[in-house]
Q: 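Structure below; questions to follow.
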Amino acid sequence: MDQDKNVSSFTRLDILIQYYLDRVTPYVVARWLTNLCLLIVFVVRIISIHGFYIIAYCLGIFLLNQFLLFLTPKQDPSFADDDDHAPSLPTRSNEEFRPFMRRLPEFKFWYITFKAFAISLILTFIPILNIPVMWPVLVIYFIVLFVLTMRQPKLIADQAPAAIKEGEMANYFGRKIAIDASMSIYQFLIAVRQNGENLTNDSGETTSHLMGMFYRTIRMIENGIKPVYVFDGKPPQLKSKELEKRLERRTEAEAEKTKAADAGDGEAFDKFARRTVKVTREHNDDCKRLLTLMGVPYVDAPTEAEAQCAALVKQGKVYGVGTEDMDALTFGADVLVRHLTFSETRKMPIREYSLTKALQGLGINFEEFTDLCILLGCDYCDSIKGIGQKRALDLIKQHRNIETILKNIDKKKYAVPDDWAYEQARQLFKVPEILPADATDLKWTEPDEDGLVSYMVKEKGFS
DNA sequence: ACTCTGTCTCAAGACGCG
DNA sequence: TTGAGACAGAGT
DNA sequence: CGCGTCC
């Protein structure tokens, strides 16, 4: 695991292997068919030469063991008893939902079985391993074990408890991760400031976003993560109301800011300055330039970056979405990685959320999940007062969709908003405007060091 | 007594030095 | 903006 | 670790 001395010497090979693994990841059926073929070859060989039963037995036990891990939700000891005060589940779309992660993800399960089949097959060519045993004994042994072990996971699965996968950066070695660029830039602009102002170069251009983007990307690449940045496009129509509100608030904050500046109130100034932050075209262009120089690909989303990120996951082009925003799950991204960036600096573990496992845990399907998220409140429309996490989930479980809920609900108690646009919102989640798979070409190349230096140092005044 | 919701507040990035 | 945590108030 | 600095 963490024997870093060895790691470096294997890095090359790792990268190579990971490269092929990545390419193979989307082809689930083909992968398993390959395994099936291997298994058949193995079985045929065992039967035809009447030997090596011990290897078959070991293989069987191993497969059984892995299969159990595959069925079992990941249950971290530290999360074992957080039933009431689920400490860090976000409020928005998944306070009550216990994201549900297999202890052994599908891909890893496949990979490990693949290796197991291959190794077993090879072992059958080593005569010394042909240890004579009574094969019926082994079969009985195996059946007993099988029956015994198959009982447990049912118990665990029935409880379907919290299952967030936690891990280190290193676990994502070689993985491709889609990241909402605008969101990151926004965060950099907000967080990276000194005396209430962003960092700037001599000519007064803001450089906070470049700083953050630069270091963060470096960090990820160092860890073998291949990031793809996704830039926001035009916001959808439905969001305009929300955006109006934001603009209003920003203008308000602007006024407060000026007031604070006049009064010489540094703290207040800082506070309001953060609220006036907006990601501009220039910021985006700067970052795109930087990314190009660093050899990191980016994608221009037609509308929402989160939606495009999710699409990249669905298309199998990246492993997951790296974000703090739970909306990515609503857009159908199966894998969501949180705290991806600061796990190294701070002691925050990386958390991986899986949509499929979460749905499993909640006992609902994706349409119902979408409705659930709308009920809980999204950017696109209002939500019903008095319905929060628990009630929303209960209602969804009972009625399965918003229409039925509306029919059955006591409208006096829970005021449904006028002209509630939940249907359009649902459409946006279901069929978001995204680029088709062949429109995005993700290539990671060597950084252009000279270009980087000249851009950062000469143009932006870095040292 | 308990559960659930809504509201408030706060912080926000990454580095390295001591 | 976002999430997280703490808390108060309404509902059961 | 906490805190000052990055530009």
Side-chain angles (χ1 to χ4, degrees), chain A residues 83-96 169 179-180 182-220 222-223 232 235 239 242-250 252-253 267 270-279 286-287 305-306 323-328 336 338-348 351 353 375-379 382-395 410 412-415 455-463:
Chain A
D83 279 349
D84 338 60
H85 43 260
S88 52
L89 294 182
T91 333
R92 189 71 166 289
S93 46
N94 75 344
E95 180 76 69
E96 80 302 326
M169 266 262 208
I179 295 165
D180 180 341
S182 315
M183 185 80 89
S184 314
I185 297 172
Y186 181 71
Q187 296 198 353
F188 291 133
L189 290 178
I190 270 190
V192 186
R193 24 184 72 249
Q194 187 76 318
N195 308 323
E197 293 289 341
N198 280 315
L199 303 179
T200 55
N201 62 6
D202 291 339
S203 40
E205 293 170 295
T206 307
T207 50
S208 300
H209 55 301
L210 289 170
M211 261 249 138
M213 177 83 59
F214 184 67
Y215 281 119
R216 185 179 279 188
T217 312
I218 294 268
R219 160 118 295 116
M220 283 192 277
E222 268 176 358
N223 283 279
D232 260 323
K239 216 174 175 176
E242 180 69 26
L243 290 177
E244 259 170 50
K245 266 190 233 158
R246 287 187 196 176
L247 183 67
E248 218 170 89
R249 257 171 288 180
R250 192 175 299 131
E252 214 172 277
E267 268 186 37
D270 194 41
K271 200 164 121 196
F272 290 113
R274 281 166 202 260
R275 291 192 202 166
T276 60
V277 165
K278 186 167 191 286
V279 179
D286 284 349
C287 288
E306 290 292 347
T323 177
E324 306 304 304
D325 188 351
M326 288 301 154
D327 281 357
L336 170 63
R338 298 188 72 205
H339 310 152
L340 182 61
T341 51
F342 35 75
S343 70
E344 291 263 310
T345 350
R346 261 169 259 167
K347 257 205 191 152
M348 191 84 80
R351 290 202 174 167
Y353 296 71
L375 278 178
L376 292 177
C378 62
D379 282 354
D382 301 326
S383 54
I384 305 175
K385 287 266 171 213
I387 296 201
Q389 315 142 17
K390 298 274 180 195
R391 272 196 263 275
L393 182 58
D394 289 345
L395 284 169
D410 182 353
K412 276 173 210 148
K413 215 186 302 179
Y414 303 110
Y455 179 58
M456 297 291 274
V457 177
K458 292 211 186 100
E459 286 187 45
K460 298 295 174 182
F462 276 72
S463 48

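Side chains included, hydrogens not; waters and symmetry mates left out as well; all remaining heavy atoms used. None of these values were measured; they are calculated from a predicted model. Order of the sequence lines fixes the chain letters, A, B, ..., with proteins taken first and strands second; residue numbering starts at 1 for each chain.
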Q: When you get a sec, tell me which of C:dT1, D:dC7, B:dC4 is the closest nucleotide to the side chain of A:Arg275?
A: C:dT1

Q: How many Å lie between NE2 on A:His209 and P on B:dG13, as a whole number?
A: 17 Å

Q: Which part of the nucleic acid, if any, lies within reach of A:Phe462 when heavy atoms closer than 4.0 Å are counted: base, sugar-phosphate only, or nothing?
A: sugar-phosphate

Q: Picking from B:dA14, C:dT1, C:dA4, which would you name as closest to the side chain of A:Arg338?
A: C:dA4

Q: I need the CG-P distance between A:Asp202 and D:dC7, as an integer number of Å.
A: 11 Å

Q: Specify the separation, in whole Å, of atom CG of A:Asp382 and atom P of B:dG6.
A: 13 Å

Q: Name the nucleic acid region contacted by A:Lys278, choosing base, sugar-phosphate or nothing; use a 4.0 angstrom heavy-atom cut-off, strictly under.
A: nothing

Q: Of the listed nucleotides (B:dT5, C:dT1, B:dA12), which one gets closest to any side-chain atom of A:Lys390?
A: B:dT5

Q: Looking at B:dA14, D:dC7, B:dG13, which one has an atom nearest to any side-chain atom of A:Thr207?
A: D:dC7

Q: Rounded to the nearest Å, what distance is computed from the CG atom of residue A:Asp270 to the P atom of nucleotide B:dC10?
A: 13 Å

Q: Without decimals, in angstroms, what is the distance between A:Glu306 CD and C:dT1 P?
A: 17 Å

Q: Flag the pair A:Asp270 and A:Arg274 as a salt bridge only when some basic side-chain nitrogen lies within less than 4.0 angstrom of an acidic carboxylate oxygen.
A: yes

Q: Starting at atom CG of A:Leu336, determine the distance to atom C1' of C:dT2, rounded to an integer number of angstrom.
A: 14 Å

Q: A:Lys385 side chain: which of B:dT7, B:dC15, C:dT1 is closest?
A: B:dT7

Q: Whole Å only: how far is the OH atom of A:Tyr414 from the C1' atom of C:dA10?
A: 11 Å

Q: Side chain of A:Gln194 only, heavy atoms from C-beta on: which candidate in D:dC6, C:dT1, B:dT5 is closest?
A: D:dC6

Q: Starting at NE2 of A:His339 and ending at C1' of B:dA12, how long is that distance when rounded to a whole Å?
A: 12 Å

Q: Which nucleotide sits closest to the side chain of A:Arg274: C:dT1, D:dT5, B:dA12?
A: B:dA12

